[in-house]
Amino acid sequence: MSQPDDQDPLLYERDGDVAILSFNIPKRLNPLTQPLQEALRQRLAQLRDEGEVRDEGEVRAVVLTGVGKSFCVGADLGSMDASAPGSLGQRTADAMEAMSNRLIEDLRSMPFPVVSAINGPAAGAGVGVALAADVVLVARSAYFYLPFMPRLGIVPDLGTTWFLERLVGRARAVGMSLLGERLSGEQAAQWGLVWACVDDAELRAQAVAVAQRLARLPAHAAHEIRAVYESAASQSLIGQMRHEAERQRELIDRPDFAEGVKAFLEKREPVFRRP
């Protein structure tokens, strides 16, 4: 296990082939500061491009969580300087395009599965970060909160509107965005926003256990599943079935399928080789 000192905005740990990345600004409830975003993007790039971290072996799944009582409370509002020259709105939009939006793209393009372990409030842009994962687990005491419009007069960002409508439907997404009511972990699970709501004390262990299961999947699993569901969102039924058939045309000829069939016939778990 490796981990930077407590002053770093992002902690890095290993549990076998699972990397655990923890937002580490607990006194401020883990806002998305510039240093935190830079550290997270740098670590994700290292994991993606190198496939491993030095001598610790290959990473096959990632867990995102927060240190302390919060997962992430979104934008670092205290760092916004309205007195600086030029438009604050323009500077904010430029920073989103240059850094924050790229962070969500990084998470969605990781070559292996990403799990969010929501240990406390996921608020503002923190909701977008949480939902960018492939599987989301939430602690029973945690909640999701969108203060954008009711508190600040702005729209949800960092992909929150894209994720919410697809996960819970437009009526609930719009209601959350306009009313700004907290959505509890249990209600989030009932709505289908997250995979599961678990007891606080069990969150980390269960998130790592889920990540370890995902780590045993074929190397292309996360990419293919993300892509096929994103395709389904814009396709007709007939068009999507054609798309599915095209993917099967390629994937069935890969060694992973042959191993899966062999394992099925031998009544054992498949062992997928890494490329």
Side-chain atoms of residues 180-193: list all donor-acceptor pairs with protein atoms under 3.5 Å, sequence neighbours left out, distances to 0.1 Å.
{"from": "R182", "atom 1": "NH2", "to": "Y143", "atom 2": "OH", "distance (Å)": "3.4"}
{"from": "S184", "atom 1": "OG", "to": "Q187", "atom 2": "N", "distance (Å)": "3.1"}
{"from": "E186", "atom 1": "OE2", "to": "R140", "atom 2": "NH1", "distance (Å)": "3.0"}

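- A salt bridge links R204 with E13: at least one charged nitrogen is closer than 4.0 Å to a carboxylate oxygen.
- The existence of a salt bridge linking E259 and K262 is excluded, since no basic side-chain nitrogen approaches an acidic carboxylate oxygen closer than 4.0 Å.
- Minimum heavy-atom separation, A222 to P113: CB-N, 3.7 Å.
- By the 4.0 Å N-to-carboxylate-O rule, R41 lies too far from E38 to be salt-bridged with it.
- Applying the ring pair (Phe, Tyr, Trp, His ring centres under 6.0 Å) rule to F23 yields the partners F71; only residues at least two apart in sequence or on another chain are considered.
- With sequence neighbours excluded, the residues forming a side chain to side chain contact (heavy atoms under 4.5 Å, CB included) with D17 are R60, A215, listed by chain and number.
- Shown here are the side chain to side chain contact (heavy atoms under 4.5 Å, CB included) partners of A19, two or more places apart in sequence or in another chain: Y12, R14, L47, V59, V62.
- What you find for G124 and P147 is that their closest heavy atoms are N-CD, 3.6 Å.
- Salt-bridge check for R102 with E97: passed, with a basic side-chain N closer than 4.0 Å to an acidic carboxylate O.
- Applying the side chain to side chain donor-acceptor pair (under 3.5 Å) rule to pairs touching residues 226-238 yields R108-E230, D134-R226, S231-Q240, sequence neighbours excluded.
- With salt bridges taken as basic N to acidic carboxylate O contacts below 4.0 Å, one links R28 and D76.
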Worked check of side-chain contact (heavy atoms from CB on, under 4.5 Å) between L137 and S116: CA-CA 6 Å; L137 279 75; S116 284; over 6 Å; no

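- Placement of L203 and L29 in two distinct hydrophobic clusters is found when ILVMFWY residues are connected by side-chain heavy-atom separations under 4.5 Å, directly or transitively.
- For L265, the side chain to side chain contact (heavy atoms under 4.5 Å, CB included) partners are V261, not counting sequence neighbours.
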